[in-house]
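Have a look at the structure below before the remarks.
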2 protein chains.
Amino acid sequence: MSVRIAELSSTSGVPVPTIKYYLREGLLPSGEPTGRNQAVYGEEHLRRLKLVRALVEVGGLSIAVVGEIVATLDASAEVTHHVLGVVQRSIAPVTPPVDDRDADAEVAAFLARRGWAHMARDPSVLALVGVVATANRLGHHRFADLLDGYAEANVAIARRDLDYLVLNSKPDEVVEDMVVATVLGDAALKALRRLAQREASAGLLAEE
Amino acid sequence: MSVRIAELSSTSGVPVPTIKYYLREGLLPSGEPTGRNQAVYGEEHLRRLKLVRALVEVGGLSIAVVGEIVATLDASAEVTHHVLGVVQRSIAPVTPPVDDRDADAEVAAFLARRGWAHMARDPSVLALVGVVATANRLGHHRFADLLDGYAEANVAIARRDLDYLVLNSKPDEVVEDMVVATVLGDAALKALRRLAQREASAGLLAEE
DNA sequence: CATTATTGGAGAGTGTCACTATCCGAATGG
DNA sequence: CCATTCGGATAGTGACACTCTCCAATAATG
């Protein structure tokens with residue numbers, strides 16, 4: 001039940017120096033001290049360690065971002081209200097806002113069509129504007145047309161995400177599960193898009 | 001029409017030393033030499049430079065991967081058959097295959113339900129197995145249940161992607177446009193998923 | 001109880017990556 | 001004509017994610 005660092009390392013597969021590094025960076029809480037310089041680690045440390053590794057390796061998140069996320073997890077043990085925004089803000093890579101009037105207008109029009117709130121400071125909206133601006137600069141002036149179809153698909157995806165959380169999460173684990181579902185979901189969706197593209201183009205070629 | 005490196009830098013916003021770096025790494029073809037140590041750059045260099053920046057900044061791709069992609073672009077100027085796979089293989093981060101029997105079986109079952117080909121060596125399939133394996137290790141044993149819904153949404157997305165390419169691409173630019181649509185699409189989809197999640201959870205809260 | 005191994009913690013070191021800075025001698029260009 | 005700018009090559013920088021080395025204190029073993 002309570003183990004020391006060597007066993008934490010061997011059961012998780014994470015090298016001891018790396019665990020020490022995570023401890024220094026605050027990604028992992030300290031163990032329970034049993035003496036002046038001894039400590040033991042419990043089930044929650046192993047769980048946290050696996051989460052950190054998943055966020056770093058599968059999600060590609062930086063140590064700094066993972067640090068913010070676990071801080072949020074620790075802070076909101078019982079505050080489950082409006083935590084989605086906090087999680088998203090932590091996960092979103094902070095895009096420096098681009099200054100592109102056209103892209104702004106296209107995204108605003110898209111959000112209006114959808115009936116979605118247009119919060120200009122929202123990281124997701126900023127990211128979207130950045131993508132559209134880049135597309136325009138590359139000569140893809142119809143790229144914004146894709147957004148409506150993408151949005152529709154993502155409404156379905158978000159509904160599945162919420163169902164998944166409601167069905168599978170114990171109340172005190174919703175926040176952590178939301179992080180996991182979001183980050184692993186991103187990776188899964190990316191892979192699935194590749195597979196679906198291949199199938200779709202195979203279908204197209206077969207028709208010819 | 002033909003400019004030297006300083007003007008290429010000022011019109012693209014990319015610093016001169018960075019352009020030189022890209023030339024060294026083969027991300028950008030050399031300019032047309034006009035003397036022993038002078039060269040001029042044309043429209044295609046500016047276009048390529050903007051593409052490279054988009055892949056690096058929006059797509060988050062490494063210089064090495066961008067190098068592979070532009071090599072593919074240069075090689076397949078006329079070979080547009082079966083290029084999707086090449087592009088995908090270049091874009092996919094090479095996941096070291098994980099050894100997880102359960103995850104393997106779950107992904108295989110999912111692919112069978114979908115009627116999708118199960119190529120064990122496919123990077124997208126490997127990535128998917130990796131994600132499911134990670135989810136299982138984190139205690140999310142129902143994560144694979146999400147895949148069916150995700151896949152359905154991605155079929156719609158892939159259809160839009162192909163429509164977009166068919167409608168908007170000149171035949172000799174399909175490959176480059178495919179790269180752009182794939183990489184920018186990934187970024188856009190990620191942002192849209194966040195927005196859709198927020199809307200969906202706002203809807204849930206409103207019902208309470 | 002003696003001795004060998006391991007511990008937590010702190011500091012410095014490593015390898016990689018994406019640039020960035022400096023030099024050089026050869027062209028420009030006003 | 002002569003300061004600028006050029007291309008090209010070499011070396012240096014800063015951020016990042018570890019990884020190594022040390023230390024005195026503790027634990028495990030015989």
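Below, chain A is the first sequence line, B the second, and so on; all start at residue 1.
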query: Mind checking what makes salt bridge (Lys or Arg N to Asp or Glu O under 4.0 Å) contact with R114(A), not counting sequence neighbours?
result: E152(A)
task: For L8(B) and dG8(D), give me the distance from atom CG to atom C1', rounded to whole Å.
output: 16 Å
message: Using whole Å, what does the distance between atom P of nucleotide dA17(D) and atom CD1 of I63(A) come to?
response: 5 Å
- request: Between P17(B) and G31(A), just flag the one whose closest nucleotide in DNA chain C comes earlier from the 5' side.
  value: G31(A)
- request: Go through residues 45-53 of chain A and report each residue with a non-hydrogen atom lying under 4.0 Å from DNA chain C, sorted by number.
  value: none
- request: Would you please name every residue forming a salt bridge (Lys or Arg N to Asp or Glu O under 4.0 Å) with R159(A), sequence neighbours left out?
  value: none
Can I get a per-line list of side-chain donor-acceptor pairs under 3.5 Å for residues 26-35 of chain A, giving both atom names and the distance, sequence neighbours left out?
none

field: I19(B) CD1 - dG8(D) P separation (whole Å)
entry: 13 Å
- prompt: When we call it a touch if two heavy atoms are under 4.0 Å apart, what does L23(A) touch: a base, just sugar-phosphate, or nothing?
  reply: nothing
field: Residues which pass salt bridge (Lys or Arg N to Asp or Glu O under 4.0 Å) with R47(A), listed by chain and number, not counting sequence neighbours
entry: E173(A), E176(A)
query: How would you list, by chain and number, every residue that makes a salt bridge (Lys or Arg N to Asp or Glu O under 4.0 Å) with D148(B), sequence neighbours excluded?
result: R113(B)
- prompt: For E7(A), what residues pass the side chain to side chain donor-acceptor pair (under 3.5 Å) criterion, not counting sequence neighbours?
  reply: none
query: With under 30° as parallel and over 60° as perpendicular, where do the rings of Y164(B) and H140(A) fit, or are they tilted in between?
result: parallel
query: Could you give the CD-to-C1' distance, from E32(B) to dG7(D), as a whole number of Å?
result: 14 Å
query: Would one find a side-chain N or O of S30(B) under 4.0 angstrom from OP1 or OP2 of dG7(D)?
result: no
- prompt: Can you check the K20(A) NZ to dT7(C) C1' distance for me, whole Å?
  reply: 7 Å
field: Under the side chain to side chain donor-acceptor pair (under 3.5 Å) test, residues paired with T18(A) that sit two or more places apart
entry: none
Identify every side-chain donor-acceptor pair in residues 97-109 of chain B under 3.5 Å, counting partners at least two apart or on other chains, and give the distances.
unit_1	atom_1	unit_2	atom_2	d
D100(B)	OD1	D102(B)	N	3.0
D100(B)	OD1	A103(B)	N	2.8
E106(B)	OE2	N136(B)	ND2	3.0

- prompt: Partners of Y41(A) by ring pair (Phe, Tyr, Trp, His ring centres under 6.0 Å), sequence neighbours excluded?
  reply: H45(A)
field: Heavy-atom check, side chain of L146(A) versus side chain of L184(B), under 4.5 Å
entry: no
message: Do the side chains of D122(A) and R194(B) get close enough for a salt bridge, i.e. N-O under 4.0 angstrom?
response: no
- prompt: Which whole-number value in Å describes the distance from Y21(B) OH to dG14(D) P?
  reply: 17 Å
query: Reading nucleotides 23-30 of chain D 5' to 3', which nucleotides get B (base under 4.0 Å from a protein heavy atom), which S (sugar-phosphate only), which -?
result: -BBSS---
- request: Would you classify S62(A) as touching base, sugar-phosphate or nothing, given that sugar-phosphate means primed atoms plus P, OP1 and OP2, and contacts are heavy atoms under 4.0 Å?
  value: sugar-phosphate
Close N/O contacts between protein and nucleotides 11-14 of chain C (under 3.5 Å):
unit_1	atom_1	unit_2	atom_2	d
dG11(C)	O6	R24(A)	NH1	3.3
dG11(C)	O6	R24(A)	NH2	3.4

query: Could you state the CD-C1' distance from E7(A) to dT7(C), rounded to the nearest angstrom?
result: 14 Å
field: Under-4.0 Å side-chain N/O to phosphate OP1/OP2 contact, Y41(A) with dG8(C)
entry: yes
query: What integer distance in Å separates L28(A):CG from dG9(C):P?
result: 11 Å
